[in-house]
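For clarity, every value in this text was computed on a predicted model and none was experimentally measured. Here is how names work: the chains are called A, B, and so on, in the same order as the sequence lines, proteins then strands, and each is numbered from 1.
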2 protein chains.
Amino acid sequence: MTTTYGQFCPVAMASEVLTERWTPLVVRELLCGSTRFNDLRRGVPLMSPALLSKRLKTLERVGVVDHVGSEYHLTEAGRELWPVIESMGIWGQRWARGDVIAKHFDASLLMWDIHRNVDTAALPDRRVVVHFHLRGSSDGKSHFWLVLEPSAVDLCLTDPGHDVDVEVAGHVETMIDYWMGRRDLLGAVKAGDLAIAGPRLLVRELPTWFTRSPFAPVPLPVGA
Amino acid sequence: MTTTYGQFCPVAMASEVLTERWTPLVVRELLCGSTRFNDLRRGVPLMSPALLSKRLKTLERVGVVDHVGSEYHLTEAGRELWPVIESMGIWGQRWARGDVIAKHFDASLLMWDIHRNVDTAALPDRRVVVHFHLRGSSDGKSHFWLVLEPSAVDLCLTDPGHDVDVEVAGHVETMIDYWMGRRDLLGAVKAGDLAIAGPRLLVRELPTWFTRSPFAPVPLPVGA
DNA sequence: CGGGATCCTTGACGATACTG
DNA sequence: CAGTATCGTCAAGGATCCCG
């Protein structure tokens with residue numbers, strides 16, 4: 001992106017900032033609340049650290065990101081990119097087709113997404129531990145523990161040692177389909193594609209605290 | 001853009017389509033109603049025809065554009081990109097800063113934009129010809145004629161021979177500032193930066209048929 | 001943890017010319 | 001008018017290692 005579009009149109013100006021590889025995803029991560037370099041990395045695992053660093057510098061230069069200490073925060077201009085990212089997500093949810101849909105099913109990325117969307121307010125006022133066993137991840141990882149405390153949510157890749165309250169097992173793709181709103185939980189369990197075990201109440205209430213993607217409710221095009 | 005982001009997030013999927021150099025501007029042109037290759041070119045004059053052709057093929061492949069005969073039309077998926085382009089434009093209008101604002105002032109591009117936004121319904125029911133004399137264009141062009149008929153608007157780079165009804169003269173940058181909503185017409189005329197001559201009624205009603213950029217009404221950030 | 005430095009490849013893009 | 005063809009350059013970005 002060495003030359004500019006040479007246009008006065010504001011769409012062109014926004015394009016100068018956003019239409020660069022990875023940039024919308026970095027902004028998405030920042031909008032989701034990540035502030036540390038390595039947290040940001042987890043949201044874009046296929047991006048090299050050098051490139052992420054470069055993008056963050058660019059975003060800082062154009063006034064979207066504020067870098068203090070080792071934290072990255074969106075400026076007001078950055079926060080106002082939310083409608084752009086949101087409309088992109090809505091469009092993607094409705095219209096992305098086979099040839100742009102990732103063939104990758106990365107369980108770590110999924111769990112990272114899930115962990116920051118857990119609604120702890122809907123959970124009992126004590127620690128709840130959920131163990132996930134996901135098959136078929138492109139990154140080889142298959143075991144994850146969510147340690148849910150009223151004040152914090154932790155994602156572990158190794159057994160944290162606590163007693164496990166709920167066990168969730170299935171194929172990564174099934175979980176992604178649920179997460180994205182393309183499949184409902186009960187159906188997946190009944191079809192035998194997903195196994196959920198644990199205290200009756202906790203399991204029944206699971207959909208209230210284990211939320212789905214923000215784009216899951218987006219209606220699909222009619223006739224699709 | 002040879003590899004994919006490898007993510008299931010719909011923002012990533014939309015990025016695969018949109019986050020490629022020039023693509024948002026091509027989509028903007030299509031949303032503005034251009035359907036012919038050479039009309040599209042006029043909206044992105046700095047883009048090589050080879051690259052435009054390539055982008056259109058890509059957009060066709062991902063289901064955004066429909067190519068029949070020698071016309072390009074947006075599909076339903078393409079038309080639904082409007083919220084994305086709109087929110088980009090709003091952001092650009094509010095937050096684009098010096099280092100991404102084009103230093104280029106291309107009068108041909110401006111006039112091309114203006115010509116397709118004239119509101120002929122607000123004009124008298126006869127032909128009206130406006131001659132523009134714009135100084136300082138980066139492309140060297142300075143004379144333009146808008147031939148406004150109730151049924152069609154034509155932009156000419158050479159004198160079409162008709163009697164001229166209104167004369168508009170000034171610097172391209174002044175016109176762009178007006179077009180973008182950064183400056184009002186009366187002020188520019190009073191400051192001597194713009195000269196408008198013609199029948200009193202036509203000139204007085206000029207702002208009703210000579211509309212501004214769709215992003216002109218966007219409010220700027222407070223304190224800016 | 002939070003990056004920087006280096007090397008190296010590839011393909012994206014600009015320029016120019018040309019064709020049905 | 002509606003693109004293709006060819007070519008050369010440059011820089012984006014992947015890989016790898018390293019450092020404070």
Side-chain angles (χ1 to χ4, degrees), chain A residues 1-7 12 15-26 29-30 34-62 65-73 102 104 106 112 138-139 154-157, chain B residues 1-7 12 15-26 29-30 34-62 65-73 102 104 106 112 138-139 154-157:
Chain A
M1 203 83 56
T2 194
T3 54
T4 102
Y5 294 115
Q7 301 208 172
S15 296
E16 310 261 13
V17 173
L18 279 176
T19 306
E20 206 167 12
R21 191 156 159 70
W22 291 108
T23 298
L25 302 193
V26 174
E29 288 307 301
L30 290 161
S34 291
T35 62
R36 314 294 296 243
F37 191 81
N38 280 345
D39 282 350
L40 291 165
R41 284 194 67 182
R42 300 188 72 168
V44 281
L46 294 187
M47 189 180 190
S48 78
L51 191 51
L52 173 57
S53 171
K54 185 178 172 186
R55 287 290 183 275
L56 287 168
K57 279 192 175 59
T58 303
L59 288 173
E60 193 183 356
R61 184 173 51 74
V62 299
V65 158
D66 195 15
H67 185 195
V68 281
S70 56
E71 297 212 335
Y72 297 90
H73 288 275
H104 271 202
D106 185 324
W112 180 249
S138 54
D139 70 344
D154 258 335
L155 173 63
C156 305
L157 299 180
Chain B
M1 207 82 57
T2 192
T3 53
T4 106
Y5 295 115
Q7 301 206 174
S15 295
E16 310 261 12
V17 173
L18 280 176
T19 306
E20 206 168 14
R21 192 159 158 68
W22 291 109
T23 298
L25 302 191
V26 174
E29 288 307 301
L30 290 160
S34 291
T35 62
R36 315 293 295 242
F37 192 81
N38 281 345
D39 283 350
L40 291 165
R41 285 194 67 180
R42 299 188 71 167
V44 282
L46 295 186
M47 190 180 189
S48 79
L51 191 51
L52 174 58
S53 172
K54 185 180 171 184
R55 286 290 184 274
L56 287 167
K57 279 193 175 58
T58 302
L59 288 172
E60 193 183 356
R61 185 173 50 75
V62 299
V65 158
D66 195 15
H67 185 194
V68 282
S70 55
E71 296 211 337
Y72 297 89
H73 288 275
H104 271 201
D106 186 324
W112 180 248
S138 54
D139 70 343
D154 259 335
L155 172 62
C156 306
L157 300 179

Locate the shortest heavy-atom distance separating [X] from [Y]; write the atom from each residue and the value.
| X | Y | answer |
| --- | --- | --- |
| B:Gly43 | A:Gln7 | O-OE1, 2.8 Å |
| B:Glu71 | B:His73 | OE1-NE2, 2.9 Å |
| B:Gly6 | B:Glu16 | N-OE2, 4.4 Å |
| A:Leu40 | A:Tyr72 | CD1-CD1, 4.1 Å |

Notebook entry, point to check: Just by distance, do the side chain of A:Arg55 and the backbone of A:Arg21 share a donor-acceptor pair under 3.5 Å?
Noted result: yes

Next item on the list: State whether the side chain of B:Thr58 and the backbone N or O of B:Lys54 hold a donor-acceptor pair below 3.5 Å, judged by distance alone.
Entry: yes

Please state how far atom [atom1] in [X] lies from atom [atom2] in [N], giving the value in whole angstrom units.
| X | N | atom1 | atom2 | answer |
| --- | --- | --- | --- | --- |
| B:Glu20 | C:dC13 | CD | P | 6 Å |
| A:Arg21 | C:dC13 | CZ | C1' | 16 Å |
| B:Leu46 | C:dT16 | CG | P | 14 Å |
| A:Leu51 | D:dG14 | CG | P | 6 Å |
| A:Arg55 | D:dA12 | CZ | P | 8 Å |
| B:Leu52 | D:dG3 | CG | C1' | 10 Å |
| B:Met47 | D:dG3 | CE | C1' | 13 Å |

So [Y] and [X], do their side chains get closer than 4.5 Å, heavy atoms only?
| X | Y | answer |
| --- | --- | --- |
| A:Met47 | A:Val26 | yes |
| A:Phe37 | A:Ser53 | yes |
| A:Thr23 | B:Thr19 | no |
| B:Val44 | A:Tyr5 | no |

Atom pairs, protein N/O to nucleotides 1-5 of chain C N/O, distance under 3.5 Å:
| residue | atom | partner | partner atom | Å |
| --- | --- | --- | --- | --- |
| C:dC1 | OP2 | A:Asn38 | ND2 | 2.8 |
| C:dG2 | OP1 | A:Arg36 | NE | 2.6 |
| C:dG2 | OP1 | A:Arg36 | NH2 | 2.5 |
| C:dG2 | OP2 | A:Asn38 | N | 3.3 |
| C:dG3 | OP1 | A:Tyr72 | OH | 3.2 |
| C:dG3 | OP2 | A:Tyr72 | OH | 2.9 |
| C:dG4 | OP1 | A:Lys57 | NZ | 2.7 |
| C:dG4 | OP2 | A:Ser53 | OG | 2.5 |
| C:dG4 | OP2 | A:Lys57 | NZ | 3.4 |

Checklist line | Stems involving DNA chain C, each a run of at least 3 consecutive Watson-Crick or G-U pairs under 3.5 Å | finding: C:1-20 with D:1-20

Atom pairs under 3.5 Å: protein N/O with N/O of nucleotides 7-9 of chain C:
none

Next item on the list: Apply side-chain contact (heavy atoms from CB on, under 4.5 Å) to the pair B:Trp22 and B:Leu46, showing each step before the final yes or no.
Entry: CA-CA 10 Å; B:Trp22 291 109; B:Leu46 295 186; 3.8 Å; yes

